[in-house]
Amino acid sequence: MSARMAKRSKKQQKLRKKVQAAPQPTAKPSGRSKVWVYLLPALILALLVFGQTLGFDFVNWDDELNVLENRGVLNFDLKAIWTETVIGNYNPLPITTFAIEHALVGLDASLYHATNLLLHLFNICLVYLLGRHLRLEPLAAGILAVLFAIHPLRVESVAWVTERKDVLFTAFYFGALLVYERRRQAGKTRQWYWAIAVLFALALVSKIQAVSLPLSMLCFDYLRDGKLRLQDVLAKAPYFLMSLAVGLLGVNFLGRDGSLDDATDYSFLGRLAVGAYAYTVYLIKSVIPYEMSPLYPYPAKLPWYAFASFAVIVAAIATLVIGYVRKWRALVFGLALFSVNVVFMLQVLGAGQGYLADRFTYVGYIGLFWLFAYLIQSLITQRKSLALPIKLGVGVYLLVLTALAYQQTQVWENGGSLWTHVSKLYPNASTAHGNLGQYLRSQANLGGARRAFD
């Protein structure tokens with residue numbers, strides 16, 4: 001018995017030696033590490049486009065009121081920051097970040113621009129993660145991230161110091177959506193009500209535009225379930241109440257400041273036409289970003305095509321209704337997510353000096369960008385023989401957008417470059433010439449200032 005055991009033991013030892021001597025298979029890289037590679041182009045291109053802002057100055061358009069002359073910032077007066085408005089806007093959290101930066105470097109614009117850029121890079125990462133949770137494969141999520149990173153209409157939100165509120169509120173906004181979607185997929189939504197509520201509250205004190213969050217959450221519900229139920233709406237009642245309270249408060253602040261005073265003599269139908277036209281332009285510019293300007297002044301008389309834009313609104317509503325009935329889930333989700341995030345920014349009430357603003361699309365465009373990426377993903381899957389031409393075409397398109405964004409970013413180098421650009425696009429805009437004159441006067445260019453004022 002012992003001899004047999006000894007013989008078996010020798011065989012086991014020989015087998016063990018052979019196994020140890022055999023070459024071991026190389027460990028395959030983690031699938032997750034490969035997935036993150038698709039995010040890198042978006043981050044690199046964003047750095048290429050917006051890295052130039054680190055050498056930019058402040059501009060004489062609201063940067064004075066928000067930073068340069070804001071006593072809360074200059075004196076690090078948190079009470080003033082959190083109890084006062086700026087031009088009727090209640091954005092205490094971004095103003096607080098300005099106060100911190102002023103305490104560190106004074107009025108050196110480099111840090112202010114660097115913070116905007118870092119927040120934009122963070123938002124790009126969140127967009128990529130959202131794409132992965134919303135049915136996009138790594139390549140499609142990467143396309144979504146690149147579009148969000150370098151679309152030319154991003155420029156205003158990133159290159160303008162005052163628009164810290166855009167990149168800051170978006171970080172909390174997308175963070176709340178990401179938490180919501182991940183916990184919904186895990187079936188643990190109730191435990192995360194407070195986490196979402198805190199992120200939502202931080203977004204709201206960064207920019208009033210965040211009031212659309214519960215509507216975006218409903219869009220997410222629809223994409224996942226293919227329908228909307230009353231219980232989905234009721235589950236978001238606390239968030240809707242937060243939106244309502246902040247929205248009413250914000251309108252009250254704007255009204256007290258006079259920011260809602262209508263500088264035009266448009267009729268009520270005309271004001272609605274302004275909203276319809278803005279919605280139409282945002283749709284077109286998502287694909288063809290033409291004639292970008294920091295300011296789009298109201299025309300003295302509304303053109304005919306502003307009223308014709310009502311047809312686009314009707315078509316969008318019809319698309320959503322028919323798509324919902326026929327279960328065109330991707331189309332409905334993308335268009336609805338865009339719509340609920342721009343509807344409150346359509347200037348029907350007449351706030352501000354312009355009827356459009358590139359910055360208003362910073363969050364809303366994620367719906368259209370997602371739809372574009374999803375369609376590309378579907379085409380590549382269904383038409384494998386055309387995969388390479390499709391990828392090349394998308395790559396060229398993204399490079400063109402990158403070049404346009406790089407060029408548009410240079411407009412924001414200082415007040416001179418900004419208002420020169422606006423005055424060329426809108427020669428009759430008194431605001432552009434007046435602000436250009438102020439900038440030139442501050443640079444001791446009295447002759448140029450006189451010509452601008454004239």
Side-chain angles (χ1 to χ4, degrees), residues 53 56-71 73-74 85-89 91 95 98 107 109 112-113 153 155-166 253-266 270-271 274 277-278 281 291-303 306 345 347 349-360 407-454:
T53 63
F56 287 5
D57 202 350
F58 296 101
V59 295
N60 58 323
W61 193 27
D62 292 353
D63 279 355
E64 310 99 319
L65 297 173
N66 284 278
V67 183
L68 304 177
E69 300 170 4
N70 189 313
R71 66 184 182 90
V73 171
L74 301 180
T85 62
V86 178
I87 327 176
N89 294 299
N91 317 76
I95 304 297
F98 294 150
L107 295 177
Y112 298 80
H113 284 296
L153 267 66
V155 171
E156 189 171 297
S157 297
V158 182
W160 188 9
V161 171
T162 286
E163 280 310 303
R164 169 72 52 78
K165 51 193 173 186
D166 253 0
F253 287 152
L254 288 169
R256 283 183 358 195
D257 183 74
S259 297
L260 293 180
D261 294 344
D262 193 352
T264 70
D265 58 355
Y266 300 161
R271 294 305 321 182
V274 167
Y277 181 59
V281 171
E291 196 180 274
M292 292 164 288
S293 174
L295 174 66
Y296 300 89
Y298 286 99
K301 182 179 180 181
L302 282 176
M345 314 302 292
Q347 302 301 83
L349 293 179
Q353 300 180 46
Y355 65 97
L356 292 170
D358 293 351
R359 63 187 179 274
F360 292 163
Q407 183 179 19
Q408 183 65 18
T409 300
Q410 295 172 351
V411 169
W412 290 87
E413 183 174 1
N414 54 52
S417 58
L418 187 150
W419 294 115
T420 297
H421 178 79
V422 177
S423 63
K424 287 180 179 178
L425 290 175
Y426 300 99
N428 296 324
S430 59
T431 299
H433 295 291
N435 286 353
L436 178 59
Q438 292 177 10
Y439 173 80
L440 294 173
R441 184 172 58 187
S442 71
Q443 301 299 307
N445 185 348
L446 300 183
R450 188 178 297 111
R451 286 190 295 272
F453 286 135
D454 288 343

*Could you walk me through whether Asp454 and Arg451 pass the side-chain contact (heavy atoms from CB on, under 4.5 Å) check?*
CA-CA 5 Å; Asp454 288 343; Arg451 286 190 295 272; 5.6 Å; no

*Verify, without hydrogens or angle tests, whether His421 (side chain) and Trp412 (backbone) share a donor-acceptor contact under 3.5 angstrom.*
no

_Gap between atom CG of Asp63 and atom CD of Glu163 - 0.5 Å precision_ = 9.5 Å

*Can you find a pair of side-chain heavy atoms, one from Phe58 and one from Thr162, that are under 4.5 Å apart?*
no

_Whether the Asn60 and Trp419 side chains hold a donor-acceptor pair (N or O, under 3.5 Å, no angle test) is what I'd like checked._
yes

*Can you tell if the side chain of Ser417 reaches within under 4.5 Å of the side chain of Thr420, non-hydrogen atoms only?*
no

*Taking side chain as C-beta onward, heavy atoms only, is Thr53 less than 4.5 Å from Val158?*
no

*In Å, rounded to the nearest 0.5 Å, how long is the span from CG of Leu74 to CG of Asn70?*
6.5 Å

_Out of the candidates Leu302, Val281, Val274, only one should pair with Tyr355 under the side chain to side chain contact (heavy atoms under 4.5 Å, CB included) rule; please name it._
Val274

_Worked verdict on Asp358 versus Tyr296 for side-chain hydrogen bond (donor to acceptor under 3.5 Å, both in side chains)_ = CA-CA 9 Å; Asp358 293 351; Tyr296 300 89; 2.8 Å; yes

*Taking the side chain as every heavy atom from C-beta outward, state whether Arg441 and Leu446 have any pair of such atoms under 4.5 Å apart.*
yes

*Approximate separation, where rounding is to 0.5 Å, of Leu295 CG and Leu356 CG*: 10.0 Å

*Whether Glu64 side chain and Asp62 backbone form a donor-acceptor pair below 3.5 Å*: yes

*For Trp160 and Trp61, indicate whether the former's side chain and the latter's backbone hold a donor-acceptor pair under 3.5 Å.*
yes

*To the nearest 0.5 Å, what is the distance between CZ (Phe98) and CG (Asn66)?*
6.0 Å

*Could you check if a side-chain atom of Val411 sits within less than 4.5 angstrom of a side-chain atom of Pro294, using non-hydrogen atoms only?*
yes

*Kindly check if the number of other-residue, nucleotide or ligand heavy atoms within 6.0 Å of CD (Gln410) is above 12?*
yes

*Are Val73 and Ile95 side-chain neighbours, meaning at least one heavy-atom pair lies under 4.5 Å?*
yes

*Would you check if Lys165 and Asn89 make a side-chain contact, meaning some heavy-atom pair closer than 4.5 Å?*
yes

*asked:* Within the 4.5 Å heavy-atom criterion, are Phe360 and Leu153 side-chain neighbours or not?
replied: no

